[in-house]
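Basis for what follows: all heavy atoms, side chains included, without hydrogens, waters or symmetry-related copies. Chain letters run A, B, ... following the sequence lines, proteins first and then strands; every chain starts at 1.
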There are 2 protein chains.
Amino acid sequence: MQRLGQASKNGASAALCAGEVLVGVPEVMRYLRHQMRRRRHRGLTVPQFRALVFVAHHDNASLSDIAEHLGISLPAMSRLVGTLVRRGLMCRKEGRDDRRRISLSLTGRGRSAFRVAHAAARRSLAERIGDLPLREIARVTAAMQVLARLFVPNASDGGSSGR
Amino acid sequence: MQRLGQASKNGASAALCAGEVLVGVPEVMRYLRHQMRRRRHRGLTVPQFRALVFVAHHDNASLSDIAEHLGISLPAMSRLVGTLVRRGLMCRKEGRDDRRRISLSLTGRGRSAFRVAHAAARRSLAERIGDLPLREIARVTAAMQVLARLFVPNASDGGSSGR
DNA sequence: TATTGTTATACTCTATAACTATA
DNA sequence: TATAGTTATAGAGTATAACAATA
């Protein structure tokens, strides 16, 4: 996928693109945070939401799994999970073969909170995006898929050199 | 630009797109945060960086101006600015006609820190983006411009209601 | 000893509430 | 009284360092 000589060839375009990403992505993120705070989607913050997303897709994940995926430290993750457990959204069990590894899963309330928050965030975004012409919507959709592939480490990327 | 009947027509595409944005944008953001923390770009956090960006583009902005643009509360903004002033990156003066409004500007060090952080963040992104084929880079660039227009209130948007 | 996770401590970010100073 | 900002207080997010439990 990545040719070695391509970096220099694409350098100028990549730098331009990076500048635009640096403008656009934080703006969207700001909007999302603002929405989540305003409507208090079941009281979830963005990191809490992202932790729920991960566990919803990876049942019985360990703390290290989530921490690595979200790119935050183990202690930070431990605390974040602690608040989710305290609120009855996540369940923390001892692993059966390796008792050091914890096994995380969503409770019924956790699954429900996740669905509600996800739907609300998506609806907020869709409301704005719906103002665009169809061609631009398609363009944004395609670009997001490209970015997701590029920046999510576990999605079909080898990951041996990644981190 | 936005016809009223368009929302329903574009609804399905917009919802799909919103789902993709909800995956892609947080991933890019996570990467950016991680980079900023790893390399400690002059010790700037993302919110601090964004405050510098705003003041770099809007000299003599007031606290309310930044707070509204970043979408955070006045007290939160006050503290954020306080740390930037304490670190010698930003300058907080009293407004000349209205002494309640403060007038914010970057110090030399602030401008330099901003430039360094911006260049580093951009380079980090460009490194990854450079792996993409040119066509996809162009696609991402275009999409980001669309999103920025859509989510930044003051960029070529009427702004009569915004501020 | 190495790995997994937690707790301790110390920041920053953020909000709401209460306050000060200016208009 | 209304507006611009600050300070007080509280809670979440985050990191590093120190620790406990398990392998």
Grab the [atom1]-[atom2] distance between [X] and [N] for me, whole Å please.
X: I72(A); N: dG5(C); atom1: CD1; atom2: P; answer: 13 Å
X: L44(B); N: dT12(C); atom1: CG; atom2: P; answer: 12 Å
X: I66(B); N: dT14(C); atom1: CD1; atom2: C1'; answer: 16 Å
X: R86(A); N: dG13(D); atom1: CZ; atom2: C1'; answer: 13 Å
X: Q48(A); N: dT14(C); atom1: CD; atom2: C1'; answer: 13 Å
X: R79(B); N: dT6(D); atom1: CZ; atom2: P; answer: 12 Å
X: L74(A); N: dA20(D); atom1: CG; atom2: C1'; answer: 14 Å
X: L84(B); N: dC13(C); atom1: CG; atom2: C1'; answer: 12 Å

Could you walk me through whether V116(B) and L44(B) pass the side-chain contact (heavy atoms from CB on, under 4.5 Å) check? CA-CA 10 Å; V116(B) 168; L44(B) 286 180; over 6 Å; no

Counting only side-chain N and O atoms of [X], is one of them less than 4.0 Å from OP1 or OP2 of [N]?
X: S64(A); N: dG5(C); result: yes
X: T83(B); N: dT12(C); result: no
X: T45(B); N: dC13(C); result: yes
X: R87(B); N: dT12(C); result: yes

At under 4.0 Å between heavy atoms, what does S73(B) touch on the DNA or RNA strands: base, sugar-phosphate, or nothing?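 Result for S73(B) = base.
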
Minimum side-chain heavy-atom gap F54(B)-D65(B) below 4.5 Å: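 Side chain of F54(B) against side chain of D65(B), heavy atoms only: contact under 4.5 Å found.
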
Identified side-chain hydrogen bond (donor to acceptor under 3.5 Å, both in side chains) counterpart of S103(A) within the set D98(A), N60(A), D59(A):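 Running side-chain hydrogen bond (donor to acceptor under 3.5 Å, both in side chains) over D98(A), N60(A), D59(A) with S103(A) returns exactly one hit, N60(A).
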
Is it true that R149(B) and E27(A) have a side-chain N and a carboxylate O under 4.0 angstrom from each other?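 Salt bridge flag = no for E27(A) with R149(B).
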
Look at the rings of H57(A) and F114(A) and say which category their plane angle falls in: under 30° parallel, 30 to 60° tilted, over 60° perpendicular.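 Answer is perpendicular, since the angle exceeds 60°.
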
Point-to-point distance, once rounded to the nearest 0.5 Å, from NE2 of H34(B) to CG of L70(A):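 CG of L70(A) is found 11.0 Å from NE2 of H34(B).
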
Find the distance between CG (L150(B)) and CG (D131(A)) and round it off to the nearest 0.5 Å.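 Separation between the atoms: 6.5 Å.
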
For DNA chain D, find the residues of residues 92-104 of chain A with a heavy-atom distance under 4.0 Å and give them by number; none if there aren't any.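 Residues of residues 92-104 of chain A under 4.0 Å from DNA chain D: D97(A), D98(A), R99(A), R100(A).
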
Pick the closest DNA chain D nucleotide for V46(A) and for P75(A) by heavy atoms, then say which residue is nearer the 5' end.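 The 5'-side residue here is V46(A).
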
